[in-house]
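In what follows, every chain begins at residue 1, and chains take the letters A, B, ... in the order their sequences are listed.
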Number of protein chains: 2
Amino acid sequence: MNYFRSRIVIVEDNDAVREGFSLIINSVSNYYVVSGYDNAEDCLKNLKKDKPEIILMDLELPGMNGIEAISAIKKINTSVEIIVNTIYENSELVFQALCAGASGYITKNTSHTELLDAIDEVIQGGAPMSSKIAKLVVNSFQKNPNSPLSARETEVLELLSKGKSYSMIAQELFITKETAKSHIKNIYSKLQVNSKSEAIAKATKEKLI
Amino acid sequence: MNYFRSRIVIVEDNDAVREGFSLIINSVSNYYVVSGYDNAEDCLKNLKKDKPEIILMDLELPGMNGIEAISAIKKINTSVEIIVNTIYENSELVFQALCAGASGYITKNTSHTELLDAIDEVIQGGAPMSSKIAKLVVNSFQKNPNSPLSARETEVLELLSKGKSYSMIAQELFITKETAKSHIKNIYSKLQVNSKSEAIAKATKEKLI
DNA sequence: CATATCATCCCCCAATTAGCGGGAAAATAG
DNA sequence: CTATTTTCCCGCTAATTGGGGGATGATATG
């Protein structure tokens, strides 16, 4: 009877919330909660025993935080799918969680149905995200439309950020080294920096490249 | 009566599909189709007249392709929300579309309901994506788990990719310049490259950093 | 316990690079 | 028509890079 039911682990320090999730998840036949923990350490300790396909992970936890926990879990078992469930919509946290290996990120105002939908989506190979989170993620691909740099300058800075030297940039853009140097001079002046790394840092931060 | 209905433009070269979408969208009261085009050029030409809040954009078009169209449209009107609707799930195209400024990316096997949901989501500031697309996007944040580089080497390479010099890397990691050099030597040997830019290129391609 | 990898540190050396200063001319766009 | 962009040139010096050759102790991994 259990053969086709996905094993789920919940890490959530609020007992009421954790037990609520368990009830919701256990109420449908496709999956069941093998274990619930109020901290990441216990989850890690029992990972090999629990063998979950999916972990529902809170981020604000006592002791080890959720981001560290995701990294640690993924190091032990790369195939487990982790869905972050938190109140935080802070973009830094979102990207940290995704970089650490989260497969989905849903915020805590989600309904029971949305929670179950997220689990379904992960099982089907998707990446469930709350609406705002998806927007954050998509925005991260887009450049700042108010860049002070010209198209050519942006092109040069992009190559610079890939570690190319002046002469390599010149070669790739079919210009002389002097022209590349000239562009870089102008880039530095516009960004008010005076070195490659500062320029890259500023451009990355302001999404100019 | 029209004041609160969102204006939608459809760019889709298949007449039947385009007209089908129009019927679906016009069947609900929240939005209506102001224009439909079978190519991007005509859409661009009429952008100021149509004043759409949302554009439903196909990628495979005669003449100017969808990616170029998105860039061109966004250059004219940064606030218009563009939802890509295509059969392609190719990751390169997805990222190009998002980088060009698409707010959503749905594939053509979506139901009428899902199409309308996507439009709703965009209006509410979200970023609708098909399940597979969301997974692609989320995966793009994650590193290759089979990196040949050690943690320290990865750290060094990350700083190198930010344009830092050997001495700056040494400073940031509290090691000597010689140690940084040593790490870089080992990185080059492991990646079988012999320069900074090659290393960064290979590491980026294989998502080691 | 032996071997491998990792992280740290040291030397020498030559070629290239980066960034500073100063220009200038043609093309493009508003 | 004026501002910006893109292209190109010169000289100069400090710094960087990447090649080579090592060594040490710690920590895994078998």
Side-chain angles (χ1 to χ4, degrees), chain A residues 48 72 75-76 143-203 208-209, chain B residues 44 47-48 71-72 74-78 143-203 208-209:
Chain A
K48 291 193 172 162
K75 212 164 278 174
I76 297 169
K143 288 184 189 165
N144 182 346
N146 304 316
S147 173
L149 304 180
S150 72
R152 196 56 156 177
E153 285 162 355
T154 305
E155 219 171 339
V156 169
L157 188 50
E158 239 144 37
L159 291 170
L160 207 56
S161 81
K162 286 176 184 153
K164 312 273 172 142
S165 68
Y166 292 9
S167 23
M168 292 171 96
I169 292 171
Q171 255 194 306
E172 292 201 34
L173 299 181
F174 305 105
I175 55 180
T176 64
K177 192 195 293 187
E178 291 304 321
T179 304
K181 267 174 90 166
S182 182
H183 285 307
I184 290 166
K185 242 190 289 188
N186 292 329
I187 292 167
Y188 289 0
S189 135
K190 283 185 180 177
L191 299 186
Q192 299 181 71
V193 298
N194 44 22
S195 78
K196 193 174 31 164
S197 62
E198 281 182 278
I200 295 171
K202 188 151 190 175
L208 309 178
I209 51 170
Chain B
L44 276 164
L47 202 58
K48 291 193 173 166
S71 294
K74 277 284 180 174
K75 212 164 279 175
I76 297 170
N77 179 349
T78 47
K143 288 183 188 167
N144 182 347
N146 303 316
S147 173
L149 304 180
S150 72
R152 197 56 157 175
E153 285 161 356
T154 305
E155 217 170 342
V156 169
L157 188 49
E158 238 144 35
L159 291 171
L160 207 56
S161 81
K162 287 177 183 152
K164 311 272 172 143
S165 68
Y166 293 7
S167 23
M168 291 171 97
I169 293 171
Q171 255 195 306
E172 291 200 34
L173 299 181
F174 305 104
I175 54 180
T176 65
K177 193 196 292 189
E178 290 305 320
T179 305
K181 259 179 92 168
S182 182
H183 284 307
I184 290 167
K185 245 191 285 188
N186 292 330
I187 291 166
Y188 289 0
S189 136
K190 283 186 181 178
L191 300 186
Q192 298 182 72
V193 298
N194 44 20
S195 77
K196 192 174 35 164
S197 63
E198 282 181 279
I200 294 172
K202 189 152 191 174
L208 309 179
I209 51 172

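B/Lys75 places its NZ atom 11 Å from the P atom of C/dG30, with the value rounded to the nearest Å. The NZ atom of A/Lys181 sits 20 Å away from the C1' atom of D/dT5 (whole-angstrom rounding). Rounded to a whole Å, the CD1 atom of B/Ile184 is 9 Å from the C1' atom of D/dT17. Atom pair B/Ile187:CD1 and C/dT5:P shows a separation of 16 Å (rounding to whole Å applied). Taking atom CD1 on B/Ile169 and atom P on C/dC9, their separation rounds to 14 Å, with Å as the unit. C/dT16 atom C1' lies 17 Å from atom NZ of A/Lys164, rounded to whole Å. Rounded to a whole Å, the NZ atom of A/Lys177 is 12 Å from the P atom of D/dC10. Rounding to whole angstrom units, CG of residue B/Leu149 and P of C/dA7 are separated by 10 Å.
Distances shorter than 4.0 Å separate some side-chain N or O of A/Thr176 from OP1 or OP2 on D/dC9. Contact check, A/His183 against D/dT6: no side-chain N or O comes under 4.0 Å of OP1 or OP2.
The closest side-chain donor-acceptor pair between A/Thr179 and A/Ser182, if any, does not fall under 3.5 angstrom.
Checked by distance alone, B/Lys196 brings no side-chain donor or acceptor within 3.5 Å of a matching partner on the base of D/dG18. At a cut-off of 3.5 angstrom, counting only N and O atoms as typed in the model, there is a donor on one side and an acceptor on the other between the side-chain of A/Glu178 and the base of D/dC10. The base of C/dG19 does not come close enough to the side chain of A/Lys185 for any donor and acceptor atom to sit less than 3.5 Å apart. Judged by distance alone, with hydrogens and angles left aside, A/Ser182 brings a side-chain donor or acceptor within reach of the base of D/dT7, the pair sitting under 3.5 Å.
In the set D/dT6, C/dA7, C/dC20, the nucleotide with an atom closest to the side chain of B/Arg152 is C/dA7. Residue B/Lys190 has its side chain nearest to C/dC6 when only C/dC9, C/dC6, D/dT16 are considered. Checking C/dC9, D/dT17, D/dT6 against the side-chain heavy atoms of A/Glu153 singles out D/dT6 as nearest. Residue A/Tyr166 places its side chain closer to C/dG19 than to any other of C/dG19, D/dT7, D/dG18. Nearest nucleotide to the A/Ser167 side chain, out of C/dC20, D/dG18, C/dT17: C/dT17. Considering only side-chain atoms of B/Ser150, the nucleotide from C/dA18, C/dA7, D/dC8 that sits closest is C/dA7.
Between A/Leu173 atom CG and A/Met168 atom CE the span is 12.0 Å, to the nearest 0.5 Å. Taking NZ of A/Lys202 as the reference point, atom CD of A/Glu198 lies at 9.0 Å (rounded to 0.5 Å). To the nearest 0.5 Å, atoms CG (A/Leu160) and OG (B/Ser197) are separated by 11.0 Å.
Summary of the strand contacts: A/Thr179 and B/Ser165 both lie near DNA chain D, and taking for each the nucleotide with the nearest heavy atom, the more 5' one is attributed to A/Thr179.
Contact check for B/Val156 versus B/Ile184: side-chain heavy atoms found under the 4.5 Å cut-off.
Side chain of B/Lys190 to backbone of B/Pro148: a donor-acceptor contact under 3.5 angstrom is found.
Across all strands shown, A/Asn194 has heavy atoms under 4.0 Å from sugar-phosphate atoms exclusively, and none from any base.
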